[in-house]
Amino acid sequence: MQKEMILEQEEIIVKKRSQVKEVWRRFRRNRQAMVGMVMLLILIFAAIFAGVIAPYDPLQQDIINRLQPPSAAHIFGTDELGRDIFSRILYGSRISLTVGLIAVSISSVVGCALGAIAGYYGGVLDNVIMRCADVLMAIPSILLNISIVAALGTGLQNVMIAIGISSVPAYCRIMRASLLSLKDQEFVDASRAAGASDPYIIIHHILPNSLAPLIVQATLKIGGAILSCASMSFIGLGIVPPTPEWGAMLSTGRDFLRDAPHLTAFPGIAIMFAVFAMNLMGDGLRDALDPKLKN
């Protein structure tokens, strides 16, 4: 019996490895996905080594050299207080990636838990959870974010909470749909007949078979979270100055749009770069994880 169990476990491990290799093969064949991955790696590298790459302190002011255009000394120019824009964009990538990852983590964990409860147990719980999700989805995300931040106050932590809450319904619906299609499968019935508890069945049997759409959703939502954070900071409800953040840089730079357009151009390009990279990655993962697109 022990030998049979060991052989079965080894077969499962081999199958998982082969599946991962197949997904990577399909992902690697997608040129757009590879471009997105390279862009994302550049962004992560810039965020991790910002302290080494940045030529200046992002908070250091030099009023004499304020509003300087791009030059050899300041490759992206300086802002209205003489701070180096390139250094501030590098440090701002840390804020954007942190918000994207943590906000998506909050929304995915909460949304998957609620979706699992709704889909597995059904009945009154399903109706209550899904109707609440419908209410949240009926509210535009930017208005919901503004309402939550206005209630909690500005700051990085509250921005992440607001963006995370606004994305919960999407994960809730995906998880519920996966559960409805999987909970009556034979392997779930076999596990239930063997005496497995409901949490064990959900975590060990249903969740692994629902990861593909969740991974794609999370990848795409990271780009949306970065954009939402920049939008909140742009209207003054996000990251508190003088912390370098791309949306806040756009907001302050709009007052100097005619005389110093580089104040808004470079932060805007940084936002576009990050969101574009995540969208390319998300599309590539969707194609690689979809078994119907095998080639």
Side-chain angles (χ1 to χ4, degrees), residues 35-36 38-103 142 145-146 149 153-160 162-163 222-279:
V35 170
V38 171
M39 293 171 66
L40 179 60
L41 291 176
I42 292 172
L43 188 63
I44 293 173
F45 180 84
I48 294 174
F49 297 101
V52 178
I53 302 172
Y56 300 94
D57 185 338
L59 303 180
Q60 181 182 354
Q61 299 182 11
D62 185 8
I63 302 299
I64 297 176
N65 292 316
R66 65 190 295 268
L67 300 178
Q68 292 294 315
S71 62
H74 302 277
I75 58 175
F76 285 178
T78 59
D79 63 7
E80 74 282 1
L81 297 176
R83 297 171 296 192
D84 183 64
I85 294 178
F86 178 66
S87 300
R88 290 180 63 79
I89 286 177
L90 287 176
Y91 278 88
S93 63
R94 292 181 173 180
I95 301 293
S96 297
L97 286 178
T98 300
V99 171
L101 291 174
I102 295 181
I142 185 64
N145 293 338
I146 291 173
V149 172
T154 58
L156 178 62
Q157 181 178 354
N158 294 336
V159 169
M160 292 188 294
I163 296 174
I222 291 176
I226 293 173
L227 194 58
S228 296
C229 177
S231 301
M232 296 295 293
S233 298
F234 184 81
I235 61 178
L237 292 175
I239 310 304
V240 179
T243 303
E245 198 280 327
W246 296 339
M249 294 170 68
L250 276 175
S251 180
T252 56
R254 61 181 173 175
D255 296 330
F256 307 94
L257 194 57
R258 290 186 177 181
D259 299 327
H262 61 279
L263 268 68
T264 54
F266 291 114
I269 292 172
I271 295 172
M272 182 186 69
F273 184 90
V275 176
F276 187 57
M278 298 310 304
N279 287 342

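Quick caveat, the model's predicted, so the values are computed rather than measured.
- For the atom pair CG of L43 and CD1 of I226, the computed distance is 6.5 Å after rounding to the nearest 0.5 Å.
- With a 4.5 Å cut-off on side-chain heavy atoms, L59 and Y91 do not count as touching.
- The distance from atom CG of L40 to atom CZ of F273, rounded to the nearest 0.5 Å, is 8.5 Å.
- Evaluation of the side-chain contact (heavy atoms from CB on, under 4.5 Å) rule for I64 yields D62 as partners, not counting sequence neighbours.
- The two residues I53 and A46 come nearest to each other via the heavy atoms CD1-CA, 4.3 Å.
- The shortest heavy-atom contact between A277 and M39 is CB-CB, 3.6 Å.
- Identified under the salt bridge (charged side-chain N to carboxylate O under 4.0 Å, His left out) test for residues 250-263, with sequence neighbours left out: none.
- The CG atom of N279 sits 11.0 Å away from the CD1 atom of I222 when rounded to the nearest 0.5 Å.
- Closest of all the heavy-atom pairs between V99 and A225 is CG1-O, 4.2 Å.
- Qualifying side chain to side chain donor-acceptor pair (under 3.5 Å) partners for S87, counting only residues two or more places apart in sequence or in other chains: D84.
- When all heavy atoms of V275 and G223 are compared, the pair lying nearest together is CG2-O, 3.5 Å.
- In this structure, the separation between CG on L101 and CD1 on I44 is 7.5 Å, given to the nearest 0.5 Å.
- Ring planes of Y56 and H74: parallel class, angle under 30° (limits at 30 and 60°).
- For the atom pair L90 CG and I48 CD1, the distance stands at 13.0 Å (nearest 0.5 Å).
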Only pairs under 3.5 Å count here: list side-chain donor-acceptor contacts from residues 261-268, not counting sequence neighbours, and write none if there are none.
unit_1, atom_1, unit_2, atom_2, d
H262, NE2, Q68, O, 3.0
H262, NE2, T78, O, 3.2
T264, OG1, P261, O, 3.1

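- Here CZ of R94 is found 10.5 Å from CG of L97. Values are rounded to the nearest 0.5 Å.
- Across all their heavy atoms, W246 and S93 have their closest contact at CZ2-CA, 3.4 Å.
- The two residues G153 and N158 have their closest heavy-atom pair at O-ND2, 2.8 Å.
- Within the structure, every pair that satisfies the salt bridge (charged side-chain N to carboxylate O under 4.0 Å, His left out) test and touches residues 66-83, not counting sequence neighbours, is listed here: D79-R83, D79-R88, E80-R83.
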Acceptor/donor pairs from residues 235-245 side chains to any protein atom, 3.5 angstrom cut, sequence neighbours excluded:
unit_1, atom_1, unit_2, atom_2, d
T243, OG1, V240, O, 3.3
E245, OE1, S233, OG, 3.0
E245, OE1, G247, N, 2.7
E245, OE1, A248, N, 2.9
E245, OE2, G247, N, 3.4

